[in-house]
Number of protein chains: 2
Amino acid sequence: MRRAGDTGGTVVTDEPVVTVTIKDVARLAGVSPASVSRALADPGQVRPGTRERVHRAAAALGYHPNQAAHALTTGRTRMIGLVVPDITNPIFSTIFQAVQGRAREGGYSVLLVDTGEDPATEVDLVRTLARQVDGFLLCSPRAAQEYLDPFLRATAVVTINHRGRRVPCVTSDNADGARQVAEHLLALGHRRLAYVAGPAASSDNRERLRGLRAAVAAAGAELTDFTAVSPTYDGGTAAADLVLATSATAVIAFNDVIALGLLNRFTARGIGVPQQISLVGFDDIPFAAMTNPPLTSVAIAKQQIGRTAVDFLLDLLDGRQRPGGSRLMLPTHLIVRGSTGPSVLTR
Amino acid sequence: MRRAGDTGGTVVTDEPVVTVTIKDVARLAGVSPASVSRALADPGQVRPGTRERVHRAAAALGYHPNQAAHALTTGRTRMIGLVVPDITNPIFSTIFQAVQGRAREGGYSVLLVDTGEDPATEVDLVRTLARQVDGFLLCSPRAAQEYLDPFLRATAVVTINHRGRRVPCVTSDNADGARQVAEHLLALGHRRLAYVAGPAASSDNRERLRGLRAAVAAAGAELTDFTAVSPTYDGGTAAADLVLATSATAVIAFNDVIALGLLNRFTARGIGVPQQISLVGFDDIPFAAMTNPPLTSVAIAKQQIGRTAVDFLLDLLDGRQRPGGSRLMLPTHLIVRGSTGPSVLTR
DNA sequence: TTGAAAGCGTTACCAA
DNA sequence: TTGGTAACGCTTTCAA
């Protein structure tokens, strides 16, 4: 234990100030640099005795390989780029954690790229960073597919929450989630539903709308949709008044963040949720459970999405083929909380 | 506009599949590789005519410098590591955005590292990633200073939300924020306050407690503190019952996420906020404004914190000296919302 | 199984 | 102002 006034003359670790290279290790171990490289990269390729000495020497000197040199010779940076529209949306920060966890297991680091919900920025950043990463995880891309196509040839890409053509992807069964929502609301007696949509380029958005339409049409009910709202809290507050101008008794938001914005504005205008209007979101972000009333939402498998996407990408990089192919669609499930209730039919 | 069935035979950009190096540019421009390097890195060092030809050639070939090679020769990766305890806490994702924005302006990318609130993981990750970045932004570090000291010698480090010895840092005036909170509550008539503390290693936590104690003592009131709660939503829910076991009429949480956990549990137990107990958080995360009741909280300058931290780090890397020194403490301010109200004095 | 040496793409020094 | 050239640290043939 060091005392408060201690200015620290002693260094705690053996970390050298000068950089120790593979040559230093080689010299200490009494072998060639080539053998050190082999002993460290593929231990099975050298004799146990040599391997031992190399590892001991490396440990003694506190050797850490220079990633830049490694990248230069192999062409691999051991970094993956995770591109998200907005890291402050809990859905994306949760996915980041899952991605980072899995990536680290495979010896990879994660370069996080926040595009600020802007398609142009997205394309731009992907282009300029393409050389710094071994591959991209494109999460909920906001750019139209044709802008991304060129990169698919040059760079390894896996999409998350987006079903592209001929791209490995991991998605959720949004259409089914939407169906669950619609049936829940219809069962509560609602006949006039509204959907506050997200970004046009989002395939999640399209699937959710599709699922909603199908179920609503089958029941002979009515669905109004408000298109292209910014998938943010402010987007939600702004949309609230538009929704209230219709006679809808239940509103489904593209995601929970929008839903919370709607909730806020409804409350501000004295519209009771769910007494006067029912509200549903998508994603089941943690905060959705802690509002008043707590938000009914469609949960998606965030952890598994992140981990599987990394697996797909590493397979791609290592030239492995997946038995089932690199496309996965995970089930979704509706979590009913306090923001949905029986329709009063008039508002 | 492409039709739906189009499988995309045309490539949109000029991006080459083969890698184009500085030599290719040199050949096309009719100069040496060295001149290309100069023309691109420091245009003033080369004659306008040459510069022109080089830039034209680079553009024509779609040249993008190889970062690994650059890093190998210069020792600079042009990446900065941002280390945070938990990226799902909105305070940290907001700071990330500010950091990324500023970093990009300076030509840097951001390697985000989530330590999962674990001090050991933090030390470990910083150690192993030290060679891949030019420097670290250590945000709200959870490891004790003595574990981080060794890195301060070997690596450029700026701390955020942490006042270390001899480390450039950008912090908020937490003690003053705490004072504002205490005076607000005292003015409302509260005499028995409780503080649900955060991580022991957090200097923010220490400062907040210190400010609270000073103000409470000055007024001759009472402060109970519950130490070392996990700074998470669950940490908050767990602490709620402990708080209710005391006679405190107002509770201050280390941060908003804890506060929301407290709020949830209070509500679940039928304790009215603020009728029976007042509640205050720190950080002013966006979600704090949308709960019911909305949360009174101490706002900090997230944007400026992130940007300034990057500035400090780049100064450090480029050997620049700041006129005012590389230490900045930003003001905080209390935002009163619905979760605080007059003390009823009995509970 | 091991060593020597070439090369990855860039920068920076030294001459010209 | 330019070009030649030697590094930077590592991997990977090719021989031994």
Side-chain angles (χ1 to χ4, degrees), chain A residues 16-55 57-58 61-79 107 128 130-134 317-318, chain B residues 16-55 57-58 61-79 107 128 130-134 317-318:
Chain A
V17 176
V18 296
T19 67
V20 22
T21 77
I22 214 169
K23 285 186 180 173
D24 302 315
V25 178
R27 198 173 312 121
L28 181 59
V31 297
S32 75
S35 293
V36 174
S37 176
R38 283 187 281 250
L40 264 28
D42 183 3
Q45 206 178 143
V46 302
R47 207 156 21 132
T50 325
R51 189 194 313 159
E52 268 305 301
R53 271 178 300 147
V54 169
H55 280 126
L61 296 174
Y63 170 76
H64 284 288
N66 180 318
Q67 287 291 341
H70 181 267
L72 186 55
T73 48
T74 63
R76 292 296 190 78
T77 61
R78 301 201 74 81
M79 290 232 301
T128 63
R131 280 312 195 349
Q132 311 202 35
V133 299
D134 291 344
L317 293 174
D318 298 343
Chain B
V17 177
V18 297
T19 66
V20 21
T21 77
I22 215 168
K23 285 186 181 173
D24 300 316
V25 179
R27 198 173 312 121
L28 181 60
V31 297
S32 76
S35 293
V36 175
S37 177
R38 282 186 285 250
L40 265 28
D42 184 3
Q45 204 179 143
V46 85
R47 204 158 22 134
T50 328
R51 190 193 311 158
E52 268 305 302
R53 273 178 298 146
V54 168
H55 279 125
L61 296 174
Y63 169 76
H64 286 287
N66 180 317
Q67 287 291 341
H70 176 98
L72 186 55
T73 47
T74 63
R76 292 297 190 77
T77 61
R78 300 201 74 80
M79 290 231 301
T128 62
R131 280 312 195 352
Q132 311 201 37
V133 300
D134 291 345
L317 293 174
D318 298 343

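Lettering of chains follows the sequences in order, A, B, ..., and the numbering in each one begins at 1.
Ranking D:dT2, C:dG9, D:dT11 by closeness to the B:A69 side chain, first place goes to C:dG9. With C:dT10, D:dG9, C:dG3 as the candidates, the nucleotide lying closest to the side chain of B:K23 is C:dT10. Among the nucleotides C:dG9, D:dT12, C:dT2, the one closest to any side-chain atom of A:T74 is D:dT12. Of all nucleotides listed (C:dT2, D:dC8, C:dG7), C:dG7 comes nearest to the side chain of A:T73. Closest approach to the B:R38 side chain among D:dC10, C:dC13, C:dG9 is made by C:dC13 (side chain taken as heavy atoms from C-beta onward). Each of D:dC10, C:dT2, C:dT11 was ranked by its minimum atom distance to the side chain of B:I22; first place goes to C:dT11. Distances from the side chain of A:S37 to the nucleotides D:dC8, D:dT11, C:dT2 place D:dT11 closest. In the set D:dT2, C:dT10, C:dA4, the nucleotide with an atom closest to the side chain of A:A34 is C:dA4. Among C:dG9, C:dT2, D:dG3, the nucleotide with an atom closest to any side-chain atom of A:L72 is C:dG9.
Between the side chain of A:R131 and the base of C:dG9, no donor-acceptor pair of N or O atoms lies under 3.5 Å.
Remark on DNA chain D: of its neighbouring residues B:G44 and B:P33, the 5'-side contact belongs to B:G44, judged by nearest-heavy-atom nucleotide.
In this structure the side chain of A:Q67 never reaches within 4.5 angstrom of the side chain of B:R131, judged on heavy atoms. The closest side-chain heavy-atom distance from A:K23 to A:P33 is below 4.5 Å.
Heavy atoms only, all atoms of each residue included: B:V46 and B:R51 are closest at O-NH2, 3.4 Å. Across all non-hydrogen atoms, the minimal contact from A:A26 to A:V36 is CA-CG2, 3.6 Å.
Separating the CZ atom of B:R51 from the P atom of D:dT1 is a distance of 10 Å, rounded to the nearest angstrom. The interatomic distance linking A:D24 (CG) with D:dG9 (P) rounds to 9 Å, in whole Å. We find that CD of A:Q67 is positioned 18 Å from P of C:dG9, with the value rounded to whole Å. At whole-Å resolution of the value, CG in B:N66 and C1' in C:dG7 are 13 Å apart.
Distances shorter than 4.0 Å separate some side-chain N or O of B:H70 from OP1 or OP2 on C:dT11. At the phosphate of D:dT2, neither OP1 nor OP2 sits under 4.0 Å from any side-chain N or O atom of B:S32. At the phosphate of C:dT2, OP1 or OP2 sits under 4.0 Å from a side-chain N or O atom of A:T50.
Checked options A:L28, A:V20, A:I22; the residue passing with A:D24 is A:V20 (criterion: side chain to side chain contact (heavy atoms under 4.5 Å, CB included)).
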